[in-house]
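One structure is given here, and the rest of the page talks about it.
Position 1 is the first residue of the sequence, and the numbers go up from there.
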Amino acid sequence: MSDLTIAGPTLLEIEEARERVSRVARVTPMESSRFLAELLGSPVHLKCENLQRTGSYKIRGAYNRLTQLTDEEKSRGVVAASAGNHAQGVAFAARELGIAATIFMPVGVALPKLQATREYGADVVLSGHDVEQALRAAAEFAASTGAALIPPFDHPDVVAGQGTLGLEILEQVPDVDTIIVPVGGGGLIAGVASAVAQQTARTGRSVRVIGVQAANAAPYAVSMASGVRTDITALPTIADGIAVARPGVLNFEIVRQTVDQVVTVGDDDTARAMLVLLERAKLVVEAAGAVGVAAVTTEQVRDLGTTVIVLSGGNIDPLMMERVISRGLAAAERYLKLRVGLPDRPGQLTRVSQILSDANANVVEVLHTRHQRGLQISEVELELSVETRGPDHVEDVLRRLREAGFTPNVDF
């Protein structure tokens, strides 16, 4: 079969990018997942870019782009804007190539990401309250200083660098039928899908590529449905690494040609997926990197055959991880918050505690208050945080409380 013609980098350019990228990026592990395989009814593998240098795939595109700068461009330095992974990728690549780097990051960026970017040697400038404002500041800096602006996704060299991941997947899982990829601006899925489509066209094989976006920031889902690149209003999401308002121009053209489907997942689904990866695979994955697993656990995608899910990054603030774990437990109904009104007389707290103990529910936190609005003067209220084992256990706990004459109210 003849080579396939796709917008953006050719297969040869992606293969050349792989040779360059191999100087700094590792070939990340491909782990099998028995738990996810049982859900799908077919083999599932996890491509662990969360274990990549700098903690995400971004180093691939950043390094490939920087190597293509002329000596004169390198002498003027580079500039980028990011809230995390792209910042670290550019900073690391610039250090390895001896190029001065300035990175604009939003005010309030997570401290671990800020520290990591500085430790890679970049000059970090805090500007604006979101990535869009930081991008505008970076563009102004580039215009005034002559520094080369390194885009996070919308450039052929960046796409080619990310496409090296697709070549690795085909080598590590030659019989892959479906690849599931997180989608933000589209650099990663454009590179992976293009590399896979061009490589498999030579042998006549067909590999399905599915993109996953956060439901609150899903311009590709809208654009693919309409066939036209469409801007949206992005809402807050825990998957902030893929929260964008518009697809990349080149990226959308490639995705339109090579990607079979784009689905969306909610934040609770993503939090549950992160918990699954932590408990079942012993992998720390950021929210943006876990959306592919969320798509599988919520059955957004089916009949996939041998499947590879890309875990695109693992850079997560420990404080955010704590919050996400709590949300994931709550979403899986393994963490129950409830309020119980009680008569204000001795022994009532003991009664509730005994009921929970008999139900094998572990109390994590309790607040006993007389000052809640709406309470009668002879009433108190218990606010309880309880560890449970899932939906059936939750129903058992609530049933026991009701049979004892209490009226529990669940906080969601």
Practice item. Could you check Thr54 against Tyr120 for side-chain contact (heavy atoms from CB on, under 4.5 Å), going step by step and ending with a plain yes or no? Key: CA-CA 9 Å; Thr54 75; Tyr120 290 135; 3.8 Å; yes
Review point. Passes side-chain contact (heavy atoms from CB on, under 4.5 Å), Val44 versus Val308? Steps please.
Key: CA-CA 6 Å; Val44 176; Val308 171; over 6 Å; no
Practice item. Show the numbers, then the answer: is there a side-chain contact (heavy atoms from CB on, under 4.5 Å) between Val259 and Gln261? Key: CA-CA 6 Å; Val259 173; Gln261 183 182 8; 5.8 Å; no
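Of the charged side-chain nitrogens involved, at least one lies within less than 4.0 Å of a carboxylate oxygen, so that Arg400 and Asp396 count as a salt-bridged pair. A salt bridge links Glu381 with Arg339: the distance from a Lys NZ or Arg NE/NH1/NH2 to an Asp or Glu carboxylate oxygen falls below 4.0 Å. Between Glu171 and Arg18 there is a salt bridge, since at least one side-chain N of the basic residue sits less than 4.0 Å from a carboxylate O of the acidic one. Taking the charged nitrogens against the carboxylate oxygens, Glu395 and Arg399 have no contact shorter than 4.0 Å, which rules out a salt bridge. A salt bridge links Lys47 and Glu168; the closest N-O separation between the charged side-chain nitrogens and carboxylate oxygens is under 4.0 Å.
By the 4.5 Å heavy-atom criterion applied to side chains, Phe252 and Arg229 are counted as neighbours. Counting heavy atoms from C-beta outward, Ser385 and Leu336 have side chains that stay 4.5 Å or more apart. Inter-residue side-chain proximity for Ile316 and Val285 is flagged as unmet; no heavy-atom pair is nearer than 4.5 Å. Looking only at side-chain heavy atoms (C-beta outward), Ile179 and Val192 come within less than 4.5 Å of each other. Gln162 places none of its side-chain heavy atoms less than 4.5 Å from the side chain of Phe153. The closest side-chain heavy-atom distance from Leu304 to Ile180 is below 4.5 Å. No side-chain heavy atom of Ile210 sits less than 4.5 Å from a side-chain heavy atom of Val181. Using a 4.5 Å heavy-atom cutoff, the side chains of Pro106 and His129 are not in contact.
The shortest non-hydrogen separation linking Val212 to Gly292 is CG2-CA, 4.1 Å. Residues Arg389 and Ala359 come closest through the heavy atom pair NH1-O, 4.5 Å. Heavy atoms only, all atoms of each residue included: Glu13 and Ala160 are closest at O-CB, 4.3 Å. Here the closest non-hydrogen pair linking Val173 and His45 is CG1-CD2, 3.9 Å. Nearest heavy-atom pair across Leu51 and Pro29 is CD1-CG, 4.0 Å. A pairwise comparison of heavy atoms in Ala80 and Ile150 identifies CB-O, 3.8 Å as the closest pair.
Counting only distance, with no hydrogens or angles, the side chain of Thr307 and the backbone of Gly305 share a donor-acceptor pair below 3.5 Å. For Asn50 (side chain) and Val284 (main-chain N/O), a donor-acceptor pair under 3.5 Å exists by modelled atom type. Formation of a donor-acceptor pair under 3.5 Å by the Gln172 side chain with backbone atoms of Thr28 is found in this model. Looking at Arg76, its side chain does come within 3.5 Å of a backbone N or O of Gly146 through a donor-acceptor pair. The backbone N or O of Ser353 lies less than 3.5 Å from no partner atom in the side chain of Ser357, so there is not a single donor-acceptor pair. The backbone N or O of Leu11 lies less than 3.5 Å from a partner atom in the side chain of Gln198, making a donor-acceptor pair. No donor-acceptor pair closer than 3.5 Å links the side chain of Arg402 to the backbone N or O of Pro408. Of the possible donor and acceptor atoms, none in the side chain of Asp317 sits under 3.5 Å from a partner among the backbone N and O of Ala110. Here the side chain of Ser223 pairs a donor or acceptor atom with the backbone of Thr230 at under 3.5 angstrom. Under a 3.5 Å cut-off, the side chain of Arg205 and the backbone N or O of Val176 do form a donor-acceptor pair.
Note that the CZ atom of Phe141 and the OG1 atom of Thr102 stand 3.5 Å from one another [nearest 0.5 Å]. Separation of atoms CD1 (Ile254) and CG (Leu250) is listed at 4.0 Å; rounding is to 0.5 Å. The distance from the OG1 atom of Thr297 to the CG atom of Leu36 is 7.5 Å, given to the nearest 0.5 Å. Interatomic distance, CD1 of Ile189 versus CG of Leu165, reported as 11.5 Å (0.5 Å rounding). Between atom CG of residue Leu66 and atom CG of residue Leu97 there is a gap of 6.0 Å, rounded to the nearest 0.5 Å. To the nearest 0.5 angstrom, Glu383 atom CD is 10.0 Å from Leu338 atom CG.
Residues forming a side-chain contact (heavy atoms from CB on, under 4.5 Å) with Pro151 (at least two apart in sequence, or on another chain): His155.
More than 12 heavy atoms of other residues, nucleotides or ligands lie within 6.0 Å of CG in Asp358, so this atom counts as buried by the packing criterion. In Arg302, the CZ atom is not crowded: 12 or fewer heavy atoms of neighbouring residues, nucleotides or ligands sit closer than 6.0 Å. Other residues, nucleotides and ligands contribute at most 12 non-hydrogen atoms within 6.0 Å of the CD atom of Glu322. Atom CD of Glu365 is surrounded by 12 or fewer heavy atoms from other residues, nucleotides or ligands within 6.0 Å.
A side-chain donor from one of Asp267 and Thr237 sits under 3.5 Å from a side-chain acceptor of the other. With 3.5 Å as the limit, one finds no donor-acceptor pair spanning the side chains of Asn64 and Gln68. No hydrogens or angles considered: a donor-acceptor pair under 3.5 Å links the side chains of Asn315 and Asn85.
Here the options are Leu40, Thr178, Asp177, the test is side-chain contact (heavy atoms from CB on, under 4.5 Å), and the partner is Thr306; only Asp177 passes. Each of Arg26, Arg60, Lys58 was evaluated against Glu49; a single residue qualifies, Arg60, per the side chain to side chain donor-acceptor pair (under 3.5 Å) test.
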